[in-house]
Amino acid sequence: MNFIILISYLIFTFLVGWVIIKKWFDGLPTLLEIVGGFLLGTAIAVPITYFLSGLFVKSDAPILWGTLAASTLFIVYCLLFFKKPPSFLVRLNELLFVIVAIAFSTWMMMKTFHGGPSGELFVGSNNVFDFGHSLGIIRSFSWGSNIPFMSPFQSGLPFFYHFFFNFWTAIWEYFGVPIVWAMNIPSILSFTALLTLIYFLPQIVAKQKPIVGWIAVLLTITNSSLTFWKLLMQKTDFWHLPTYPFAGPFDGSPISLFVTLNSYVNQRHLAFAMALALFLFLVIVQDVSKNRLTIRRSLGLGALVGVLLLWNMMTYLFIIGTIALLGIKQKLWKPLVAFVVAAGVVGFISLLPIAGYLSKAFSLFGGAMVSGWGQTVPTWNIAGYLWQNLGLLPVIAVLGYVVIPKKIKSYFFPFIVLFVAECIFAAIGKRGFEQKSFSFLIIGVNVLASVGLVWLWQRNKFMVKIGAVLLLFILTVSGFVDLMPIKNEFAYPLVSKETAPLISWIRSETPKDAVFVSYSDMIDPVVLGGRKNFFGFFGNVGWYDRSGDVAAIYAGDRARAQANNVSYILVPKTKRDDFHYVVDEALLRNTLKQVYEDDLHVVFAVR
C-alpha cells in the first residue's frame, strides 16, 4: 500500500507541473516540457505536502496524512484543468542526450553514496560532513517526529536551513524506499534535469544548434582550471587519484574545489534548485522575447521563484538578481517590480515559522556568505587565481558573447555582470569563489564559451577548426582529471556495521519524539536513528552552550535530564575526541534502567 501511495503521489505531482506547463508556457520542446513538469510539480508539491503534514502533527503519521491530502488536492486540480495526456515522444537526439545524462548522473550519485549488506551506509570520503548533516535531517522526518521543522541536532531549537529537498527524500524513505535510493533517485533526476536545462539553454535563449548544448553540458561537468597541467608537470598518476589534488580554500590551494562537481555530489539539494532556477529563467526570457511578460505572469513567476528559498537560499537570491538585471536591461519596470515583490513575499512567508529568530538567521546567513575571509592565501593574487581556476574560458566566453546577435546579448547580460561581481568578491580577503553562486553563474559563462567554440569550428579555415578542437580539449581536460577522485575515493562508512544495530534499536524501540544526551559528532547515531540529540554537532540559530547541562546529566543528575525533556542517556564505551564528559556510570546503573548495550555503547532510560 505504501508503494502505491508514493507512486500515485509522484505521478500526480508530475501531472500538476505538466498542467502548469501547458497552461502557462507553450512552444517548448517535448523533453523540456517533461523536465519542466517534473521541476514545477515537485517544487510546488513538496511545500504543500509539508504544510499539510503540519495539520496532522498530532496524529501518529503526519507525513502519511499530509501526502494523502496533497495527493487529493493534486487529483482535483488535474481533473479541473487536465486536457490531454502528456506526450513522451522526443526527438532522437534528445533521447540520446537523456540516456547519456541519466547514465552519467547515476554513476556520479551512486558512486558517492551506497549501502552495504549489514545495514552500512557508505559515502565518498570527500563528502562525510555534508552527508552526516543531510541524512540526519532526512531521518528526523522519515523516522522521527520533526514537523514543524526544528533542529534534530540540538533539540528544541529552530534550524535556519533550506530543507525542502531533505523533506522530499524523506517522503520516499517514509513510504518504504531504502535510504540509498530515496536519496539517489531524486539526486539523479535533479542532476539530469539540470544537464537538460543546460542543453536547451543555448538552443532556446541563444538560438543555437543542439551541438552547442552538448558542448555547454561538457564544459559544465568538467572545468577549465590548470589542474591537469600542474599534475602533468608533477608526473602524477591521473587515473588513480584518490582525492581532489587541489581543494581551495580548504587546503590553501589557489585552485578552488568549487570548480569541480563536488558541490553537486556533496550537496544533493543544489542540482534541483539550479535546474528550477534555470527553467524559470528560460521561460521568462521566452516571455520577454514574445512581449508577453505581463504583470500577472510576473506575479506568478515571482511566486514560483519565492518557493525556491527553502530549496536553496543562494539560488533563490541569484535568480532574483539575474531576472532583476534582465528586467533593468529590458526596461520592464512594472513586470520587474511585480516579480520581485511576489518572490519576496512568498520567500518571507516561508520564513514565518522562525520569525522570532530572523535577525539571528540573517546573521548566520551573512556569516556563511563571508566564510573564509580569515583563511587568507597569501601566495596568490586575483589575476593568478582567476587564471588557475578559469584558464582560457573567459576569453572564449567573450568571443561567444561578441558573435551572438545584439538582442540575445541582453539575455546573457545578467550572467556577465554577476560573474564579474563574483570574481571581484573572490579577491576580497582572498576568500575565493563562493560555492553556490559560482556553480550557478559559471553555467552562463559555459554556454557563451560553447557558442564561441562552435563559431570557431564553423570557420572555413582548416587551422581554425583544429584550434577549436584544441581549445575544447584545453577547456575540459582538467575536469576529466577531477572526475577521477569520484571514481577512486575511499567509501567511508557513515553507518558502520558496528553502529547499525544501535541505530536500528533507536528507531524501533524509542518514541519518535525522544531526546538523547549523547556525544557530539557529525556522524550522529541518535539523529540517524530519527531522534533528537540534546547537544549535538551542528549548531544553528538560537544556539547556546549546553555542555554544563550535559555534564550534569552524565554525572547522574536525573532531575536536570527531566527538566530538559531528555529521555535517554547514551554513553560511549570507547574513548572519543568529541566526548569530554565524566560519566558516573555506577550511579547511572543504580538509578536508571539500562535499555541497550553493545560493544561500543550503553543506553539508559531517564523516564
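Worth knowing before you read on, the calculation uses all heavy atoms, side chains too, and leaves out hydrogens, waters and symmetry mates.
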[Y] side chain reached by [X] side chain, heavy atoms, under 4.5 Å:
X    : Y    : value
L231 : L241 : yes
H240 : M484 : no
I138 : Y174 : no
V128 : M522 : yes
L502 : L570 : yes
I63  : F167 : yes
L157 : N540 : no
D482 : L261 : no

Using the side-chain hydrogen bond (donor to acceptor under 3.5 Å, both in side chains) definition, which of the options H601, E585, E597 pairs with K573?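 So, applying the side-chain hydrogen bond (donor to acceptor under 3.5 Å, both in side chains) to K573 and each of H601, E585, E597, only E597 qualifies.
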
Matching residue for R268 among N127, N184, N166, D130 - test: side-chain hydrogen bond (donor to acceptor under 3.5 Å, both in side chains):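 The passing option is N184.
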
[X] ring center near [Y] ring center (under 6.0 Å):
X    : Y    : result
F258 : F438 : no
F272 : F165 : no
F163 : Y50  : yes
Y554 : Y581 : yes

Which value, rounded to the nearest 0.5 Å, describes the distance between [X] atom [atom1] and [Y] atom [atom2]?
X    : Y    : atom1 : atom2 : result
I137 : S142 : CD1   : OG    : 12.0 Å
L592 : L587 : CG    : CG    : 7.5 Å
L257 : F250 : CG    : CZ    : 6.0 Å
R558 : T591 : CZ    : OG1   : 6.5 Å
I320 : L308 : CD1   : CG    : 8.5 Å
T322 : L280 : OG1   : CG    : 11.5 Å

[X] side chain vs [Y] backbone, donor-acceptor pair below 3.5 Å:
X    : Y    : value
T42  : L39  : no
T499 : V495 : no
T112 : M108 : yes
S350 : V346 : yes
D524 : S520 : no
K497 : S118 : no
N590 : A586 : yes
S504 : P501 : no

Looking at [X] and [Y], what are the two nearest heavy atoms and their distance?
X    : Y    : value
A271 : L194 : O-CB, 4.1 Å
E434 : M314 : OE1-CE, 3.6 Å
P242 : N488 : CA-CB, 4.1 Å
A273 : N312 : CB-CB, 3.4 Å
Q435 : S263 : NE2-OG, 3.1 Å
H269 : Y161 : CE1-OH, 3.5 Å

Check step by step if side-chain hydrogen bond (donor to acceptor under 3.5 Å, both in side chains) holds for Y9 and T49. CA-CA 10 Å; Y9 172 79; T49 307; 2.7 Å; yes

Begin from the C-alpha positions of I382 and Y385 and carry the test side-chain contact (heavy atoms from CB on, under 4.5 Å) through to its verdict. CA-CA 5 Å; I382 188 59; Y385 180 82; 4.2 Å; yes

Hey, mind stepping through F191 and L270 against side-chain contact (heavy atoms from CB on, under 4.5 Å) and telling me if it holds? CA-CA 9 Å; F191 196 71; L270 186 59; over 6 Å; no

Have [X] and [Y] got a donor and an acceptor in their side chains that come within less than 3.5 Å?
X    : Y    : value
R546 : Q154 : no
E120 : S496 : no
S105 : T192 : yes

Using 4.0 Å as the upper bound for N to carboxylate O, is an ion pair formed by [Y] and [X]?
X    : Y    : result
E173 : R139 : yes
D521 : R576 : yes
E509 : R531 : no

Suppose the criterion is ring pair (Phe, Tyr, Trp, His ring centres under 6.0 Å): which pairs have a residue in residues 111-130, not counting sequence neighbours?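 Found F113-F131, H114-F122, F129-F538.
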
Quick one: do L390 and F419 satisfy side-chain contact (heavy atoms from CB on, under 4.5 Å)? Show the steps, please. CA-CA 12 Å; L390 302 176; F419 188 75; 3.8 Å; yes

F433 vs F425, test: ring pair (Phe, Tyr, Trp, His ring centres under 6.0 Å). Steps then yes/no. CA-CA 8 Å; F433 293 132; F425 193 50; over 10 Å; no

Step through the shown structure and confirm whether more than 12 heavy atoms of other residues, nucleotides or ligands are within 6.0 Å of CZ on F104.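 Buried by this count: over 12 neighbours within 6.0 Å.
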
Residues, nucleotides or ligands: over 12 heavy atoms within 6.0 Å of D578 CG: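 Yes, because the 6.0 Å sphere around CG of D578 holds more than 12 heavy atoms from other groups.
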
Using the six-membered ring of F516, assess whether NZ or CZ of K532 lies under 6.0 Å from its centre and within 45 degrees of the ring axis.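 No, cation not above the ring by the 6.0 Å, 45° rule.
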
Taking it one step at a time, do N223 and S225 satisfy side-chain hydrogen bond (donor to acceptor under 3.5 Å, both in side chains)? CA-CA 6 Å; N223 65 76; S225 71; 2.7 Å; yes

Worked verdict on F279 versus M274 for side-chain contact (heavy atoms from CB on, under 4.5 Å): CA-CA 9 Å; F279 179 79; M274 294 281 188; over 6 Å; no

Candidate pair S437 and E422, rule side-chain hydrogen bond (donor to acceptor under 3.5 Å, both in side chains), full reasoning: CA-CA 8 Å; S437 56; E422 170 73 11; 2.8 Å; yes

Checking D598 against Y596 for the side-chain hydrogen bond (donor to acceptor under 3.5 Å, both in side chains) test, could you report, in this order, the C-alpha distance in whole Å, the side-chain angles of both residues, the deciding distance, and whether it holds? CA-CA 7 Å; D598 61 25; Y596 178 85; 2.7 Å; yes

Run the ring-ring contact (aromatic ring centres under 6.0 Å, His included) test against F159 and tell me which residues pass, sequence neighbours left out.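 Per chain and number, F159 pairs via ring-ring contact (aromatic ring centres under 6.0 Å, His included) with H133, F149, F153.
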
